[in-house]
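Just the heavy atoms: all of them, side chains too, but no hydrogens, waters or symmetry mates, feed the values below. One-based numbering, in listed order, for ligands and for the atoms of each.
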Amino acid sequence: MKVKSMPTTSASEEVYRFLQERFKGDLLRPQSAGYEQARVIWNGMFDRKPGLIARCTDVTDVQNAVRAAAKVGILTAIRCGGHSLAGFSTCDGGMVIDLSRMRQVEVDPGARRARFAGGCLLGSVDGATQNAGLVFPSGVVSHTGAGGLILGGGTGWLTRRFGLSCDNVEGFTLVTADSSVVRCNSTENQDLFWALRGGGGNFGVVTEFQVRLHPLTTVVLSEGLTPEAGIRPLLEFWREFMADAPIDLKWNIDLRLAPQTDKVPVQLRGRPVAGSSVIWTGDPEAGRAYLDRALSQSHPDSVRTRILPFLTLQTMADSDFPHGRRYYTKSGYFTALKDSTIDLLVEAVATIPSPDTQIEFAYLGGAAGQVGADETAFGDRSAPFIMNLLANWQGPSADAGNIGWVRGLFNKLRPAMKPGVYINFMSGDEQDRVPEAYHQRWDRMVTVKSHYDPKNLFRLNQNVVPRDFHHQTRTSISSP
Ligand SMILES: Cc1cc2nc3c(=O)[nH]c(=O)nc-3n(C[C@H](O)[C@H](O)[C@H](O)COP(=O)(O)OP(=O)(O)OC[C@H]3O[C@@H](n4cnc5c(N)ncnc54)[C@H](O)[C@@H]3O)c2cc1C
């Protein structure tokens with residue numbers, strides 16, 4: 001990487017001076033009150049110190065921040081919910097364009113549509129849409145940013161019923177690298193509309209999402225734990241069951257050590273288990289037989305079925321993934337879950353290095369699987385099994401054990417995977433896998449990137465490098 005001689009602080013000072021006269025939001029420098037709190041992101045692995053945090057209030061603020069960034073050539077991060085597993089929403093010495101003051105949501109109940117600002121959390125969107133008895137399909141933890149989640153694709157409880165989050169976007173408004181405000185949808189700037197549905201933060205700062213909503217206020221949730229000896233038969237059963245499951249049913253499986261809590265049967269606590277979480281979005285009576293069959297492999301004392309308000313479903317995992325812990329992930333797809341893959345998973349769950357580390361499995365298909373591979377930039381939809389190895393631990397002394405466990409298991413499983421990866425489940429050390437994420441769509445991604453961001457101003461992401469681009473920046477990215 002070429003680095004110009006100007007010190008990083010001078011670049012951020014230059015941007016600060018430019019913005020000082022015209023910026024309506026907050027400009028936080030290391031000496032400012034509130035800076036220490038504002039610089040922290042969700043993944044405690046990234047303790048970075050930006051030279052400037054520009055917390056925007058509206059589109060004009062975003063335009064000014066982008067204009068200054070492009071003029072000075074400062075390393076620039078975009079932050080919505082700050083949940084980037086890879087730590088892309090911060091940097092050392094550069095500027096963070098922070099959208100956390102842009103969280104307005106407007107719902108049109110009659111049209112079943114909403115528009116919301118680029119800094120919204122999932123919880124902001126869910127709260128407003130549920131007031132009208134409607135849902136936008138998104139992720140499973142309400143403190144995640146809608147910005148990063150939707151732009152990468154967005155999977156969650158409703159993916160099989162209503163599609164990925166990005167499949168439900170009808171239009172975007174964004175500020176591109178030349179600081180213009182650009183709109184895109186199915187008739188306007190179609191290439192950009194295509195690329196933003198799965199292409200991450202590569203193309204500009206999205207200031208507004210225009211989305212489709214669906215009626216839903218409650219779901220049935222069944223949960224259960226399968227003891228270690230039952231994990232293999234459970235996975236065998238699951239792979240067959242899901243192939244014909246109705247789209248109203250979503251069944252996620254987590255392989256992990258059972259929590260040491262009263263809710264878990266005594267003999268399972270701290271032991272390797274498979275946790276099943278199954279939801280049914282249709283008529284509860286019609287779902288009963290499916291849920292009973294799905295939970296038939298769980299320990300009877302661990303099974304719990306209830307009808308839940310949608311907002312409860314959306315917040316029930318919030319405390320499992322607290323801010324500030326250390327996280328590392330690797331992810332991939334399987335077209336089929338072979339016996340040999342199940343063997344490796346069963347072996348691995350017995351060696352999990354931390355009580356909160358887990359192997360997450362979901363089965364896509366349903367509405368998400370019906371969208372053609374080339375209709376959006378999002379990765380492969382034909383391989384229904386999506387796996388995320390998510391290590392989650394407390395202090396730096398356990399870094400090597402947890403990261404090493406994820407990498408080692410990933411390398412063993414990799415030969416059975418279908419090439420491809422969901423960009424939102426990637427770590428920061430996987431830039432070499434970005435072309436793999438887009439497969440046959442890569443050339444088109446590069447063309448759109450080269451048009452809208454030829455100098456790669458927006459590079460702190462799963463980066464699509466523009467054609468003929470030679471890296472030149474005043475600041476450098478430091479590793480965690
Ligand atoms: C606890 C937790 C739960 C999760 N659950 C799910 C889940 O259920 N389903 C799922 O699909 N994913 C899930 N993820 C992954 C999640 O989708 C990504 O981490 C995503 O990047 C988070 O978005 P954010 O806005 O919070 O992140 P940030 O760190 O704020 O942003 C990440 C990147 O997204 C881009 N970006 C964000 N907002 C904008 C914008 N307005 N304009 C342009 N670029 C933008 C930027 O490149 C930025 O670097 C989860 C992550 C966590 C940490």
Could you check whether [Y] and [X], counting side-chain N and O atoms only, form a donor-acceptor pair closer than 3.5 Å?
X: R381; Y: T376; value: yes
X: Q210; Y: T173; value: yes
X: N388; Y: T329; value: yes
X: R160; Y: Y363; value: no
X: T76; Y: R459; value: no
X: T281; Y: R161; value: yes
X: T187; Y: N185; value: yes
X: D429; Y: Y328; value: yes

Going by distance only, is there an N or O of [X] that falls short of 3.5 Å from an N or O of ligand 1?
X: V206; answer: yes
X: G82; answer: yes
X: G81; answer: yes
X: C80; answer: yes
X: A146; answer: no
X: N424; answer: yes

Fit a plane to each ring of [X] and [Y], take the angle between them on a 0 to 90° scale, and name the class: parallel (under 30°), tilted (30 to 60°) or perpendicular (over 60°).
X: H323; Y: H143; answer: tilted
X: F209; Y: F172; answer: perpendicular
X: F162; Y: H214; answer: parallel

Got the closest protein heavy atom to [atom], with its distance?
atom: atom 1 (C) of ligand 1; result: F321 CB, 3.6 Å
atom: atom 43 (C) of ligand 1; result: G204 O, 3.1 Å
atom: atom 29 (O) of ligand 1; result: S89 OG, 2.6 Å
atom: atom 6 (C) of ligand 1; result: L149 CD1, 3.9 Å
atom: atom 11 (O) of ligand 1; result: Y422 OH, 2.5 Å
atom: atom 47 (O) of ligand 1; result: G201 CA, 3.5 Å
atom: atom 37 (C) of ligand 1; result: G148 N, 3.3 Å
atom: atom 26 (O) of ligand 1; result: G145 N, 2.8 Å

Which atoms of ligand 1 sit under 4.0 Å from any heavy atom of [X]?
X: L151; value: 39 (C), 40 (C), 42 (N), 43 (C), 44 (N), 45 (C)
X: F88; value: 49 (O)
X: V205; value: 42 (N), 43 (C)
X: N461; value: 47 (O)
X: G139; value: 7 (C), 8 (O), 9 (N)
X: G147; value: 37 (C), 38 (N)
X: L460; value: 47 (O), 49 (O)
X: G118; value: 41 (N)

Answer yes or no on whether R414 is positioned over the face of F410, meaning its NZ or CZ is under 6.0 Å from the six-membered ring centre and within 45° of the axis.
no
Taking the six-membered ring of F18, is NZ or CZ of R22 closer than 6.0 Å to its centre and within 45° of its axis?
yes
Under 4.0 Å, heavy-atom basis, I'd like to know which part of T207 is in contact with ligand 1: side chain, backbone, both or neither.
neither
Just to be sure I read this right, does ligand 1 sit under 4.0 Å from the backbone of W42, its side chain, both, or neither, counting only heavy atoms?
side chain
Identified ring-ring contact (aromatic ring centres under 6.0 Å, His included) counterpart of W251 within the set W157, F241, W280
F241
Between F385 and W238, is the ring centre distance below 6.0 Å?
yes
Would you indicate which of [options] comes nearest to [atom] when only heavy atoms are counted?
atom: atom 2 (C) of ligand 1; options: T90, T144, L99, N43; answer: T144
atom: atom 7 (C) of ligand 1; options: T155, I41, V141; answer: T155
atom: atom 27 (O) of ligand 1; options: M426, M102, R79, H83; answer: H83

Tell me, please: is G154 in heavy-atom contact with ligand 1, that is, under 4.0 Å?
yes
F425 heavy atom under 4.0 Å from ligand 1:
yes
Take a 6.0 Å sphere around CD of E170 and say whether it holds more than 12 heavy atoms from other residues, nucleotides or ligands.
yes
Is the NZ atom of K263 crowded by more than 12 outside heavy atoms at less than 6.0 Å?
no
